[in-house]
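This report refers to the structure that appears directly beneath it.
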Amino acid sequence: MVAWKRTLVILWFANFCVTMGTSLIIPFIPLYLAQLGVHTEQSIDRWSSWVFSIQFVTSFIFQPIWGRLPIAVAAS
């Protein structure tokens with residue numbers, strides 16, 4: 001198998017596991033927040049949305065940085 005295809009399979013599997021783990025935790029976020037002391041329904045909704053969306057916000061910010069990193073390392 002060509003090296004890039006092996007790497008693609010490994011990354012696909014890792015991404016699948018991360019996405020599956022994220023999807024499985026979503027129903028339990030409000031219950032966990034209630035245990036942390038967030039009690040009003042409006043606050044639980046707001047914090048749940050922040051907890052879920054922060055992963056995608058940080059991904060949006062850091063993906064270009066991580067994508068550029070191998071090129072910068074190879075050039076030096």
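Only this structure's heavy atoms are used, side chains among them; waters, hydrogens and symmetry mates stay out. Counting begins at 1 with the first residue of the sequence.
The main-chain N or O of Ala3 is found under 3.5 Å from a side-chain atom of Thr7 such that the two form a donor-acceptor pair.
To the nearest 0.5 Å, atom CD1 of residue Ile54 and atom OG1 of residue Thr58 are 6.0 Å apart. Interatomic distance, Met20 CE to Asn15 CG, rounded to the nearest 0.5 Å: 11.5 Å.
Between Val51 and Ile29, the shortest heavy-atom contact is CG1-CD1, 3.9 Å.
Every side-chain hydrogen bond (donor to acceptor under 3.5 Å, both in side chains) that Thr40 has, sequence neighbours left out, goes to Ser43. Under the side-chain contact (heavy atoms from CB on, under 4.5 Å) criterion, Trp4 pairs with Val2, Leu8, not counting sequence neighbours. Listed by chain and number, the residues in a side-chain contact (heavy atoms from CB on, under 4.5 Å) with Tyr32 are Leu36 (sequence neighbours excluded).
No path of Ile, Leu, Val, Met, Phe, Trp and Tyr side chains, each step under 4.5 Å between heavy atoms, connects Ile25 with Val18, placing them in separate hydrophobic clusters. Residues Leu24 and Leu31 fall into different hydrophobic clusters, defined by Ile, Leu, Val, Met, Phe, Trp and Tyr side chains chained together at heavy-atom separations under 4.5 Å. A continuous path of ILVMFWY side-chain contacts below 4.5 Å connects Ile61 to Leu69, so both sit in one hydrophobic cluster.
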